[in-house]
Amino acid sequence: MAKTSSNIKVRRWKKSDIPSIVECQNAAYPHIDRDSLSDSRKLEMQLDTFPEGQFLAEIDGKIAGYSTSLIVLLDDDSPWYSYNEITGCGTFSTHDPSGDTLYGSDIAVHPDYRGQGVAGKLYQRRKTLLKRLNLRRMVAGGRIPGYAEHSKKLSPQRYIELVKAGQLKDMALSAHLKAGYDVKSVHYAYLSDGESMNYATYLEFENKAFDPAKRMIAASPINRPVRKMRVCAAQYEIRPITSWEQLVMQVEFFAETADEYHCHFLLLPELFTAQLFSMLPPDMDSLHAVREVARYHEKYLELFTEQATKHGLHIIAGSHPVDVDGELRNIAHLFTPAGKVYTQEKIHITSVERHYYDIQPGDKLRVFDTPMGRIGILICYDVEFPELARLLTVAGIDVLFVPFATDERKSYHRIRYCAQARAIENVIYVVIAGCVGNLPQVRSFLVNYGQAAVCTPCDVAFPKDGIMAEADPNCETVVIAELDLNDLAVQRDLGSVKPLQDRRNDLYSLHSRVPVEVIYT
């Protein structure tokens with residue numbers, strides 16, 4: 001018997017894990033008909049079909065348990081299916097990315113690791129996936145392996161009632177109830193399972209955070225769980241404030257607006273937290289003032305984590321000055337509905353940032369693989385360097401978000417025209433959002449000129465001028481647009497011109513000396 005360990009690591013499993021998963025499955029289900037279990041070939045098919053839904057738990061490097069799942073669309077009037085029907089005989093050929101239900105195909109814990117919380121960790125990972133993909137519910141067909149010894153005296157319904165009441169304990173059902181599943185009904189012939197007398201529970205776990213409107217917009221049965229996204233770009237008015245709470249009210253307005261219009265992403269401008277300068281003494285020099293603003297970083301993280309989880313939004317919260325080992329960096333933050341935070345540093349620093357704030361450049365380029373698609377973030381000046389957007393595109397992005405802050409119209413149009421160029425040459429969407437308004441007495445951030453917009457490639461499938469949406473300049477408002485990622489995929493293959501395919505690699509090439517990091521959110 002393995003020693004108890006709290007060092008449980010849950011991750012997505014890989015093809016190299018399959019032999020160990022088969023061993024774990026055989027140990028966990030010694031009495032189930034072998035034909036009802038998944039062999040190596042079926043496990044590989046499950047992984048290829050929906051890699052995001054397959055997890056395993058390790059303790060001290062050894063596989064202690066695993067779980068499998070797929071997305072399905074069920075008939076609410078008759079939701080019950082046998083295991084073979086709902087999983088395509090274990091091949092996951094029934095996986096439907098446009099469905100609204102996560103089906104828990106299997107979850108098992110090796111006998112040597114039972115009682116150590118392994119199943120709980122796997123269930124938690126499933127729930128995170130459920131919320132991340134904005135699915136309506138999680139369902140499963142649950143075994144009742146303790147029923148055989150009570151079957152002479154109890155009906156399966158009565159047995160389940162006693163387990164729910166705590167008068168009996170069932171290895172599988174008790175774990176399902178602990179995980180928060182509700183038993184909706186009991187059915188016969190789900191599996192060939194002697195321990196359960198071939199009965200199984202129909203289990204359901206409701207996603208309280210489910211947003212049906214966002215799911216309706218996003219769902220499309222093409223390759224990924226989602227192929228559309230709705231974005232909201234905030235044209236944020238910089239105005240003097242006297243307290244942190246005033247900034248919070250303004251942020252809440254934009255988050256509520258994005259939520260009201262069923263958006264998946266909200267983009268705010270670069271350094272919009274410069275509003276905090278107006279709370280400082282006007283004679284404080286810029287180098288000290290920006291350090292004071294950087295001290296609000298923890299409050300900034302708390303504010304946007306709360307807003308992202310409350311509204312089920314991915315929020316690119318502009319950027320904020322952050323102290324990194326004594327150096328100030330201009331860092332964009334991506335907040336997810338699951339409460340996670342990821343960052344992208346500004347790579348190229350303008351002379352103004354160096355002079356007034358002593359901002360130092362970052363050196364990492366990241367791609368964020370979200371449930372809606374792969375996105376990238378370039379902060380303002382960075383979009384003027386085509387190499388960065390091309391590296392992100394080669395790494396798989398569909399949408400590039402560009403928070404910016406520009407002081408007058410010429411500066412703005414450098415960003416705008418470069419964003420348009422990046423959309424055309426890479427066949428991607430580019431969403432830009434900037435500050436408007438003024439900060440009197442703040443010499444380093446006096447005036448702002450901005451116009452939020454969504455840029456597209458210029459070809460048949462897109463608007464004639466390559467602008468899907470734009471705001472009136474220099475007023476506080478938002479731009480909302482629905483991005484069809486399938487249009488990009490078609491355009492790259494069938495467009496009037498194909499800039500990605502037609503590159504002359506015999507004449508030139510682009511290589512990153514630092515690998516582009518892909519982060520799964």
Side-chain angles (χ1 to χ4, degrees), residues 11-12 14-15 47-54 95 97 129 132-133 218-231 264-265 267 314 316 332 334 336 338 340 342-345 347 362-379 382-383 385-403 419 421-432 454-457 459 461-462 482-495 497-503 505 509-521:
R11 61 173 173 84
R12 284 163 51 173
K14 303 170 292 188
K15 287 185 180 180
L47 183 65
D48 288 341
T49 299
F50 185 40
E52 297 95 334
Q54 321 313 322
H95 175 67
L129 181 68
R132 175 175 173 260
L133 297 183
S220 178
I222 306 291
N223 297 331
R224 296 180 61 88
V226 173
R227 293 304 294 172
K228 286 185 179 180
M229 66 170 70
R230 186 172 287 185
V231 299
H264 303 101
F265 285 84
L267 172 66
H314 285 79
I316 299 100
L334 169 63
T336 76
K340 301 291 182 64
Y342 305 95
T343 60
Q344 173 61 62
E345 298 181 347
I347 306 296
D363 55 11
K364 293 180 180 178
L365 197 58
R366 290 173 171 151
V367 168
F368 303 98
D369 194 321
T370 77
M372 276 63 68
R374 284 192 172 189
I375 70 165
I377 303 170
L378 293 180
I379 304 172
D382 282 339
V383 80
F385 295 83
E387 298 88 348
L388 296 185
R390 178 54 55 85
L391 287 169
L392 291 173
T393 300
V394 171
I397 71 164
D398 297 304
V399 184
L400 178 62
F401 289 92
V402 181
R422 303 298 84 87
I424 293 169
E425 65 201 16
N426 294 297
V427 195
I428 59 175
Y429 294 105
V430 181
V431 185
I432 64 174
V454 178
C455 305
T456 75
D459 214 324
F462 303 98
E482 194 168 299
L483 312 184
D484 190 329
L485 307 188
N486 290 326
D487 285 347
L488 295 179
V490 171
Q491 197 66 26
R492 287 169 178 171
D493 289 335
L494 302 176
V497 293
K498 306 179 184 67
L500 293 177
Q501 291 92 323
D502 293 339
R503 287 175 294 163
N505 292 322
S509 62
L510 176 64
H511 300 287
S512 176
R513 294 183 179 179
V514 178
V516 176
E517 185 179 359
V518 178
I519 296 175
Y520 295 90
T521 67

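In this text, all values refer to a predicted model and were calculated from it rather than measured experimentally. The figures here come from the full heavy-atom set of this structure, side chains too, leaving out hydrogens, waters and symmetry mates.
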- Of all residues at least two apart in sequence or in a different chain, which pass the ring-ring contact (aromatic ring centres under 6.0 Å, His included) check with Phe385? His348, Tyr381
- Message: Do Val514 and Asp363 make a side-chain contact, defined as non-hydrogen atoms from C-beta onward lying under 4.5 Å apart?
- Response: no
- Task: Kindly say whether Ala389 contributes a backbone atom to a donor-acceptor pair with the side chain of Thr393 at under 3.5 angstrom?
- Result: yes
- By ring-ring contact (aromatic ring centres under 6.0 Å, His included), Phe368 pairs with (sequence neighbours left out) none
- Closest non-hydrogen atom pair between Thr370 and Thr521, with its separation: CA-OG1, 3.4 Å
- Given side chains that start at C-beta, do those of Leu365 and Leu388 come closer than 4.5 Å, heavy atoms only? yes
- side chain to side chain donor-acceptor pair (under 3.5 Å) involving Glu387 - partner list, sequence neighbours excluded: none
- Message: A side-chain contact here means heavy atoms from C-beta on lying under 4.5 Å apart; do Phe401 and Val231 qualify?
- Response: yes
- Task: State which residues pass ring-ring contact (aromatic ring centres under 6.0 Å, His included) with Tyr342; sequence neighbours excluded, sorted by chain then number.
- Result: none
- Can you check whether Phe265's main-chain N or O pairs, donor with acceptor, with His314's side chain at less than 3.5 Å? no
- Task: Calculate, to the nearest 0.5 Å, the distance between atoms CZ and CD belonging to Arg230 and Glu482 respectively.
- Result: 4.5 Å
- Residue set satisfying side chain to side chain donor-acceptor pair (under 3.5 Å) with Asp459, at least two apart, ordered chain then number -> Gln491, Ser496
- Item | Residue list, salt bridge (charged side-chain N to carboxylate O under 4.0 Å, His left out) with Arg12, at least two apart or on another chain | none
- Query: Is any side-chain heavy atom of Leu400 less than 4.5 Å from a side-chain heavy atom of Cys455?
  - Reply: no
- Note on the structure: Residue set satisfying side chain to side chain contact (heavy atoms under 4.5 Å, CB included) with Ala421, at least two apart, ordered chain then number -> Glu425
- Counterpart residues, salt bridge (charged side-chain N to carboxylate O under 4.0 Å, His left out), relative to Arg366 (two or more places apart): Glu517
- State, with a plain yes or no, whether a side-chain heavy atom of Leu391 is found less than 4.5 Å away from one of Leu510. yes
- Task: State which residues pass side chain to side chain contact (heavy atoms under 4.5 Å, CB included) with Ile424; sequence neighbours excluded, sorted by chain then number.
- Result: Gln420, Cys458
- Task: Find the distance between CD (Gln344) and CD1 (Ile375) and round it off to the nearest 0.5 Å.
- Result: 10.5 Å
- Task: Measure across Ile379 and Ala332 and return the closest heavy-atom pair with its distance rounded to 0.1 Å.
- Result: CD1-N, 3.5 Å
- Examine distances only and state if a side-chain atom of Arg422 and a backbone atom of Ala419 form a donor-acceptor pair shorter than 3.5 Å. no
- Arg503/Arg390 under side-chain contact (heavy atoms from CB on, under 4.5 Å): CA gap, chis, key distance, verdict: CA-CA 12 Å; Arg503 287 175 294 163; Arg390 178 54 55 85; 3.0 Å; yes
- Message: To check you understand the geometry: which heavy-atom pair defines the closest contact between Val402 and Val383, and what is its length?
- Response: CG2-CG2, 4.0 Å
- Query: Hey, mind stepping through Val430 and Leu378 against side-chain contact (heavy atoms from CB on, under 4.5 Å) and telling me if it holds?
  - Reply: CA-CA 10 Å; Val430 181; Leu378 293 180; over 6 Å; no
- Heavy-atom closest pair, residues Val367 and Ala395: CG2-CB, 3.6 Å
- Query: Residues in side chain to side chain donor-acceptor pair (under 3.5 Å) with Glu345, at least two apart?
  - Reply: Arg329
- Item | With Ile428, the side-chain contact (heavy atoms from CB on, under 4.5 Å) member among Leu485, Val399, Ile397 | Ile397
- Report the residues that fulfil side chain to side chain donor-acceptor pair (under 3.5 Å) with Arg11, sequence neighbours left out, ordered by chain and then residue number. Asp17, Glu58
- Query: If you measure from the Lys or Arg side-chain nitrogens to the Asp or Glu carboxylate oxygens, is any gap between Asp369 and Arg374 under 4.0 Å?
  - Reply: yes
- Message: If you count every heavy atom of other residues, nucleotides or ligands that lies below 6.0 Å from Lys498 atom NZ, does the total exceed 12?
- Response: yes
- Message: With heavy-atom distances below 4.5 Å as the criterion, would you say the side chains of Leu133 and Glu52 are in contact?
- Response: no
- Pairing residues for Lys14 by the salt bridge (charged side-chain N to carboxylate O under 4.0 Å, His left out) criterion, not counting sequence neighbours: none
- Message: Tell me whether Tyr429 contacts the main-chain N or O of Asp484 through its side chain, where contact means a donor paired with an acceptor under 3.5 Å.
- Response: yes
- Contact check, side chains of Pro457 and Leu488, non-hydrogen atoms, under 4.5 Å: yes
